[in-house]
Amino acid sequence: MNLRTNISRSNGYRELGMYDESILELETINGDDRWHPLIVEARYNTYRDAKEWELAKTTAEVMVNRMPDKLEWLKNQANAMTECGDTAGALQLLKDASERFGKDGKYLLAIGRQYALLCEIEEAKKYVKRAIKAHSSLKAEFLDDPAFDAVWDSF
């Protein structure tokens, strides 16, 4: 069977809420293909949707180490850390990557989100403003994310 078929089946199970079956489908893959980025991504998506945050965090960390220039994986790891109760650690993880992503609007918004979750509203505002200035399209993400409710209410 090819990887595309495994991923398709795994995603189908995941979308049906059959998380164990989704992971079991990925477990049928042998050799180096087990750690193919698309397989690891499918595994992460299943853990995330199943709210298995420790496993999601570990999976995202693997991908951050393999692909350190991919902001999406860094954000995934930070979000999983937050769901595991380590919001301060997630903020520090993001701040440690400022040399790589410092001017990226999505990166700035992710930091603002962590500050908002820590109830540091003034710091959150600074990052939200910088993020929206960098990418005006992020305004919708800011408005839709309940993590920013306290920031929105402070304006």
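Computed from a prediction, not measured in an experiment: that's the story for all the values here.
Under the 4.5 Å side-chain heavy-atom criterion for grouping Ile, Leu, Val, Met, Phe, Trp and Tyr, L138 is connected to I121 within one hydrophobic cluster. Taken together through direct or relayed side-chain contacts under 4.5 Å among Ile, Leu, Val, Met, Phe, Trp and Tyr, L24 and L26 form parts of separate hydrophobic clusters. Linking ILVMFWY residues whenever their side-chain heavy atoms come closer than 4.5 Å, directly or via other members, places L71 and Y115 in the same cluster. At a threshold of 4.5 Å between side-chain heavy atoms, the hydrophobic network of Ile, Leu, Val, Met, Phe, Trp and Tyr places L38 and M63 in two separate groups.
Counting only distance, with no hydrogens or angles, the side chain of S10 and the backbone of S22 share a donor-acceptor pair below 3.5 Å. A donor-acceptor pair is defined here as one N or O able to donate and one able to accept, closer than 3.5 Å; such a pair exists between the side chain of Y107 and the backbone of L94. Although no hydrogens or angles enter the test, the distance criterion places a donor-acceptor pair under 3.5 Å between the side chain of T82 and the main chain of A78. A donor-acceptor distance shorter than 3.5 angstrom exists from the side chain of N2 to the backbone of T5, with no hydrogens or angles considered. At least one donor-acceptor pair under 3.5 Å links the side chain of T59 to the backbone N or O of L55.
Using a 4.5 Å cut-off on side-chain heavy atoms (C-beta onward), N79 and Q114 make contact. Between R66 and V40 the shortest side-chain heavy-atom distance falls below 4.5 Å. The side-chain heavy atoms of D20 and Y13, taken from C-beta on, include no pair separated by under 4.5 Å. For the pair D145/F148, a side-chain contact is recorded, criterion being any heavy-atom separation below 4.5 Å from C-beta on. Between M81 and L93, the closest side-chain pair of non-hydrogen atoms falls below 4.5 Å. For the pair K75/K106, a side-chain contact is recorded, criterion being any heavy-atom separation below 4.5 Å from C-beta on. The closest side-chain heavy-atom distance from R14 to R48 is below 4.5 Å. I39 is listed as a side-chain neighbour of I29, based on a closest heavy-atom distance under 4.5 Å.
We find that E27 and R43 are joined by a salt bridge, their nearest charged nitrogen and carboxylate oxygen being less than 4.0 Å apart.
Other residues, nucleotides and ligands contribute only 12 or fewer heavy atoms inside 6.0 Å of the NZ atom of K70. When the shell of 6.0 Å around CG of D32 is examined, it contains 12 or fewer heavy atoms from other residues, nucleotides or ligands. In W53, the CH2 atom is crowded: over 12 heavy atoms of neighbouring residues, nucleotides or ligands sit closer than 6.0 Å.
A124 approaches A116 most closely through the heavy-atom pair CB-N, 3.6 Å. Closest approach of D86 to G89, counting heavy atoms only: OD1-N, 2.8 Å.
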Side chain to side chain contact (heavy atoms under 4.5 Å, CB included) evaluation trace for F101 with L108: CA-CA 8 Å; F101 305 112; L108 297 168; over 6 Å; no
Steps toward side chain to side chain contact (heavy atoms under 4.5 Å, CB included) verdict (W152, F142): CA-CA 9 Å; W152 181 246; F142 164 66; 3.6 Å; yes
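K139 contributes atom NZ, which lies 12.5 Å from atom CG of D144 (distance to the nearest 0.5 angstrom). The distance from the CG atom of L3 to the CG atom of D33 is 4.5 Å, given to the nearest 0.5 Å. Taken to the nearest 0.5 Å, the OG1 atom of T46 stands 10.5 Å off from the CD atom of E25. Atom CZ of R113 and atom CG of L109 lie 9.0 Å apart (nearest 0.5 Å). For the atom pair CD (E54) and CD (E83), the distance works out to 11.5 Å, reported to the nearest 0.5 Å. Here the OG1-CG distance, from T87 to L91, works out to 9.0 Å after rounding to the nearest 0.5 Å.
Between N11 and E15, the side chains place no donor N or O within less than 3.5 Å of an acceptor N or O (distance only, hydrogens not considered). Checked by atom type, the side-chain pair T28/N6 shows a donor-acceptor distance below 3.5 Å.
Note: W73 and Y44 meet the aromatic proximity criterion, with ring centroids under 6.0 Å apart.
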With a 3.5 Å cut-off and sequence neighbours excluded, list the donor-acceptor pairs that the side chains of residues 127-135 form with protein atoms.
none

